[in-house]
Structure formats: structure tokens, C-alpha cells
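Heads up: the structure comes next, in C-alpha cells.
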Amino acid sequence: MKEFPKGFLWGGATAANQFEGGWKEGGKGVSVSDVALFKDPKSMAELLDVHGNCDINDEMIKAALATDDEVYYPKRHGIDFYHHYKEDIALLAGMGFTVYRMSIAWSRIFPRGDEKEPNEEGLAFYDAVFDECRKYGMEPLVTISHYEPPLALAMDYNGWYDRRAIEFFTHYVDVITKRYKDKVKLWLTFNEVDSIIRHPFMTGGLIESRFAPEKFEEVCFQAMHHQFVASALAVKIAHENIPDCKVGCMLTKLTYYAYTCKPEDVLEQQQRMRSIYCFSDTQVHGEYPAYLLARYKNKNLDIKMTEEDLGIMKAYPVDFISFSYYSSSCVAKNAEGAELTAANTVTAIKNPYIPSSEWGWQIDPIGLRISLVDLYDRYRKPLFVVENGLGAKDVVEADGSVQDDYRIDYLKQHIQQMYKAIEEDGVELMGYTTWAPIDLISNSTNQMSKRYGFIYVDVDDYGKGTYKRSKKKSYDWYKEVIGSNGASILNE
Ligand code: BG6
């Protein structure tokens, strides 16, 4: 009888900025996500405007700060986990989760980011959340920064472009790892650390319009350097404060295929993959890969880094590699004439052999196996799939049920490929957390109607609804998968 290896961790993943709500409660400060505007893309052309979806300027921030509106700033209310956490954690535990990935809202602990003293009420909130998880035997896997830099760091310091961000972040890490040393043993430093290139504001607190356009690439890579140093220091601090903990990096696994077998396209694909791998290469090997340094040199990017920085990066590499995987895409040297589609905050060439989600993200379970093999062959360190799922418009039937067979089908196929990667390809995989076990606000469009959960939350794109939770069809299905350690779908 086939099943996953003993001790394999099963669960789901969320992020504070997209579901916690309580944006002005408990002493919390405003984060970059609290000023993110609702988008309702009506066409593929609008979906392809991924930069527009993530872009922001000082005027927009000023306008956001002048209002307490939650309709057009949906991440302010999320699904109100802040007041529902006991009920939500009980529902997650009801599926038999052995791990639950979540994030701490940095601005709940340090409202501006630069304070010396943390906000006790914020710390107490996560104490209660972790206690609740532990009560059900769920291991928390905590992302330290998931699109939640305090807004003040963006406004007053230019976010991660300023070296002082390293100091603020490491102080935050020291505080939370000391406080939760007995409750949290699994940590991730930056969610999708590579995303600073695609949405610099959410990840790096960088307001693009403040910089000269020709300098902005340099600004992003400088901010990224600061994050690398901070991430390495976070590994050091976490290990000192919690000797038995493990700290991972987190990568967006954007898997690209060459659109044709023309050598130019294959080269383009290789280069595109390197633009993602340069992040994990640095965090896993503790040094910049030669190809990234060559890029700096060739493009005259003057990235300031000290010998001490490089020493820190080398001394404290991550313990494991985690990543999100939703879809794959194609790439070509010359995309002219090719049909384009959307992917996770990128525009991609459509692959004629695979279907797409309603948001254009191409559904490719085999791509997950390919990704696992590529990453394991490259690093020989344990992997963790910390996001995988299908965003869809669910329909509530007259009897209140949601028949989300499409979600079951998507997840089943991905889990089956994951199993093959372990059994047939020898990949070492620690666990799997779906995105997201409970409906929440979409990161890229700020829509509520792009739902991922096993648990339906009665709230619409305009924040209207009862916020009542109910189980979808997929809830019992995933419970059975976990309860049988995968056997229920591996032996059909
Ligand atoms: C990942 C992010 O890239 O994709 C999540 O880490 C995000 O925060 C998820 O929610 C799905 O993307 P979206 O745009 O559908 O919410």
C-alpha cells in the first residue's frame, strides 16, 4: 500500500496580511498591505497588467492613510482571523493538520518597525494563536515577513533600500524567537524573497516612483542584498535562541519551459530560471553565484556590500528550502505572436498542452515534480512545499454546500506527482501546506472571490457578508488524505 513517508507534515498555509484583519487593533501599526487597493480584473489584458496590480506611489499611500475604508482596502479586514482564531484553528485541526504555516504581522509587534520596545499586546496575540495550535498537536511553521513590512519603514526609510532595515528586522527576529522559543520550531525568513523584483513595495517597502527609473534595478538588488544579510542573521539568531529549530528560505517556484527547442529559447529559459535561482543559490550556498555577480558587473549595478556582509551570508545558510508552486509557463527569446497568459505576478507565454485556471495560471502537476527534482538536485537539502492550490470562483449551492471538485482534482494531481518525486526521484520532502486552507484575500488582486480554501468564508469582494465559516466538499477529502497519509489517493 502506497503512502507518504512516516512523519511527513501535512497542513495549509496562510499569511497575516491577507486574513488576519484587525488592522488597527491591539496596537498594530499600518503595514504595506493595508494600503493595497482592490482590483477587479475583468479581462486577460487587465490580469496581465501585473505591474499595475502591484504598483503604488506616495499619493496613493496618502489617500489610503486618509481613510479608514475597508472596502477598497480589503486586506484591512481579511477574514477577521484576529477575532475568529479559535474557531479557525479548530477547523484546521479538524482536518488533522500536523503543520500550520502562518505569518506574524511585523507591524503588530513593532508598529513602525523602528521601535526599541515591542508591542506586548501583539506578542500576546501570537502566544494565544500558537497555544491554540499546540493544543491540537499542530506544528506552527512561521513566516517572519510575508508582505507585511510596517509602512513607516517604506515611508521614512525607503524600506529595505536602507541598510538600517537589517537592524530593525534582526531586532524583531530576536524578540519573536526569544518569546516563542518553546512554541515555534520551524521558521521561514522572507516569503518569496525573489518577489522583490516583481513587487518591490510589498516585499521590500520600495516606492518605485521615488527613484530614477534607470536606477531602480540597482535599488531592488541593493534592497535584496540587505535582505540576504538580514536573512542570514535571522538564521543565526533563531539558532542561538532556539537550538532545536530549523530555518528555511522561501522561493516562488516559477517553473519555465522553453517555448520551442530553438537553442535561443532554451537559453532564454535557462536565463529566466537563473533569475529565480539566484535567490535560493545565495541563501543555500551562502554566497552570490558567479552569474549574478556577472550581471551586476555587466549592467553596471553598483551593489554596496561589505566583507562582513559576505562573511555573515557564508556562515549562516538556511537549513531547508521551501517554495510555492502553482503553475508553469513558457518563455521564448522572441514572444511575438505567442499567446500570453497570467501567472503568479508575471506575464507568461501560454503552453498549448495544459489547461489554465480562471485567472490564467496554467495548471501543471508534472511541473511540480520537475520543480522538486530540479531543486533537490541543485541543493541536496530538504525541501518543503509551502504553497500550492487553485484559486477559483466557488458557488454556494442552495443547500449551503460548495462542490469544489475542481480543487480536489487539482490538489490530488499535485500530491500524486509529489509522491513520485519522493519515491521515484529520491527527493527529500519535509511536508506540504496548501494555499490556503481557508478562503482569504488574494495577494495579487486583493479579491476575495479568488478562493483557495477547504473552508468557505461568507464575505464578498466588497467586505459584505456574515464572515461565517463552512466546510466545502474538499474539507472531508483533504481530511481523508491526511488521515491516510496520502494512501487514499495513491492507491486508486
Ligand atoms: C503566493 C503568495 O505567491 O501566491 C501568497 O505567497 C499569495 O501571498 C499566493 O496569496 C496566491 O496568489 P494570489 O494572487 O492568487 O493570492
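The figures here come from the full heavy-atom set of this structure, side chains too, leaving out hydrogens, waters and symmetry mates.
- A donor and an acceptor atom, one from each side chain of H225 and Y288, are located under 3.5 Å apart.
- Other residues, nucleotides and ligands contribute more than 12 heavy atoms inside 6.0 Å of the CD atom of E3.
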Verdict with supporting geometry, F169 and F190, ring pair (Phe, Tyr, Trp, His ring centres under 6.0 Å): CA-CA 11 Å; F169 180 78; F190 294 95; 4.7 Å; yes
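- Ring pair F320/F384 is tilted by interplanar angle, where 30° to 60° counts as tilted.
- In this structure, Y478 and F454 have parallel ring planes: the angle between them is below the 30° cut-off, well short of the 60° mark.
- The aromatic rings of F4 and Y419 sit perpendicular, their planes meeting at an angle over 60°, well past the 30° parallel limit.
- Ring geometry, W106 versus W160: the interplanar angle falls from 30° to 60°, so the pair is classed tilted.
- Atom CZ of F211 is surrounded by more than 12 heavy atoms from other residues, nucleotides or ligands within 6.0 Å.
- No hydrogens or angles considered: nothing links the side chains of T445 and K450 as a donor-acceptor pair under 3.5 Å.
- When only modelled atom types and interatomic distance are considered, Y379 and S280 share a side-chain donor-acceptor pair under 3.5 Å.
- Aromatic rings of F8 and W10 (six-membered ring for Trp) have centroids within the 6.0 Å cut-off, being under it.
- The ring of H146 has its center closer than 6.0 angstrom to the ring center of W435.
- The shortest distance between side-chain heavy atoms of Q227 and I196 falls below 4.5 Å.
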